[in-house]
**Q** 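Sending over a structure as structure tokens; questions will come in a sec.
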Amino acid sequence: MKDLVRMRTSLKEETERILNEQIKMEAHSSAIYLSMAAWCDRNGFDYSAGYFYKQAEEERSHMLKIFKYVSDLGGTAVSPEVTNVPQEFEGFRDVFELALQQEIAVTNSINRIVATARQLNDFATDQFMQWFVQEQIEEEYVARRAVELFDVIGEEGVGRYMIDKAIPKITYGEAAE
Ligand code: FEO
């Protein structure tokens, strides 16, 4: 029966496996952003908290997008177990540095999926993942700009207050226009 079902889907087992890993990674990102939002709230960085709440929702939407793709193609989408979510961070800047690291790790993972899809001649998955390739350009840009604010503005005096206020104003593609 399993083989028959497999014959009815063009989704290869390897693709299904790596997409499920990505589902888990997006869920993990969402959970980390949520804990970052809570940390920012606890420490008086209200604007940054709002930024991370929004990021948490976005990551969940990324997770669902891949989840539905696997499911729609007849594969088994696995509802992910999310563990190992840090609740404490060393400081305001560390939160954003970790967020940037997280986005770079996601970009690398997305690239690996595209490379695998191409090796397997899985053109549908290749094309599907292009949305994520583009999305990561934006996500990495915003995360990097956020970290840069710590150097541009500086943390002394009212610096952190100013950084917090500037965080939600970072938008991709507008500064250079
Ligand atoms: Fe869904 Fe920010 O990676």
Side-chain angles (χ1 to χ4, degrees), residues 11 14-41 45 47-73 75-89 92-118 122 124-150 163-164 166-176:
L11 199 65
E14 174 64 1
T15 316
E16 184 184 281
R17 188 185 66 75
I18 57 177
L19 287 176
N20 271 313
E21 274 177 14
Q22 193 60 34
I23 287 168
K24 193 166 186 158
M25 192 174 200
E26 301 289 347
H28 191 238
S29 290
S30 180
I32 290 178
Y33 281 141
L34 202 55
S35 75
M36 287 173 169
W39 187 93
C40 288
D41 258 340
F45 301 114
Y47 291 96
S48 300
Y51 166 82
F52 283 121
Y53 277 119
K54 200 167 125 284
Q55 290 301 114
E57 269 189 11
E58 268 195 32
E59 299 304 343
R60 182 172 161 76
S61 78
H62 295 169
M63 181 203 77
L64 288 173
K65 210 174 169 85
I66 305 170
F67 196 92
K68 264 203 104 267
Y69 175 76
V70 173
S71 224
D72 285 349
L73 261 69
T76 301
V78 180
S79 182
E81 194 173 333
V82 179
T83 54
N84 205 11
V85 181
Q87 304 299 328
E88 285 301 332
F89 303 94
F92 192 30
R93 184 184 179 126
D94 298 274
V95 171
F96 285 93
E97 284 186 349
L98 191 64
L100 175 58
Q101 272 176 29
Q102 177 73 19
E103 290 303 336
I104 291 170
V106 170
T107 301
N108 290 336
S109 183
I110 299 283
N111 288 343
R112 279 195 297 272
I113 294 173
V114 173
T116 305
R118 289 184 181 181
D122 183 346
T125 300
D126 180 1
Q127 198 174 42
F128 170 73
M129 291 308 294
Q130 293 309 310
W131 183 90
F132 287 89
V133 171
Q134 281 302 314
E135 177 72 6
Q136 280 312 117
I137 293 172
E138 186 177 326
E139 299 243 306
E140 256 193 59
Y141 173 87
V142 173
R144 187 169 293 106
R145 290 291 295 128
V147 172
E148 282 167 3
L149 282 179
F150 285 82
I163 293 166
D164 184 44
I167 292 289
K169 296 187 186 136
I170 304 168
T171 42
Y172 175 72
E174 284 180 9

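Side chains are part of it too, since the values below use all heavy atoms of this structure and drop only hydrogens, waters and symmetry mates. For clarity, every value in this text was computed on a predicted model and none was experimentally measured. Positions are given from 1 along the sequence. Both counts, for ligands and for their atoms, begin at 1 and track the order of listing.
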**Q** Measure distances from atom 1 (Fe) of ligand 1 and count the protein N, O or S atoms below 2.8 Å.
**A**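 Counting protein N, O and S atoms closer than 2.8 Å to atom 1 (Fe) of ligand 1 gives 3.
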**Q** Parallel, tilted or perpendicular: which describes the rings of W131 and H62, with under 30° parallel and over 60° perpendicular?
**A**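 Answer is perpendicular, since the angle exceeds 60°.
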**Q** Spell out, as yes or no, whether a donor-acceptor pair under 3.5 Å connects the side chain of Y47 to the backbone of K169.
**A**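 Not confirmed, Y47 side chain does not pair with K169 backbone.
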**Q** Report the relative orientation of the aromatic rings in F45 and W39; use parallel for angles under 30°, tilted for 30 to 60°, perpendicular for over 60°.
**A**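 Aromatic pair F45/W39 classed parallel.
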**Q** So with a 6.0 Å cut-off around CD of Q130, is the heavy-atom count from everything else above 12?
**A**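 Atom CD in Q130 is crowded, with more than 12 foreign heavy atoms closer than 6.0 Å.
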**Q** Tell me whether the rings of F150 and F96 are parallel (<30°), tilted (30 to 60°) or perpendicular (>60°).
**A**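 If you compare the ring of F150 with that of F96, the planes turn out tilted.
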**Q** Would you say the side chains of E97 and Q101 form a donor-acceptor pair under 3.5 Å?
**A**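 Looking only at side-chain atoms, Q101 and E97 do not form any donor-acceptor pair under 3.5 Å.
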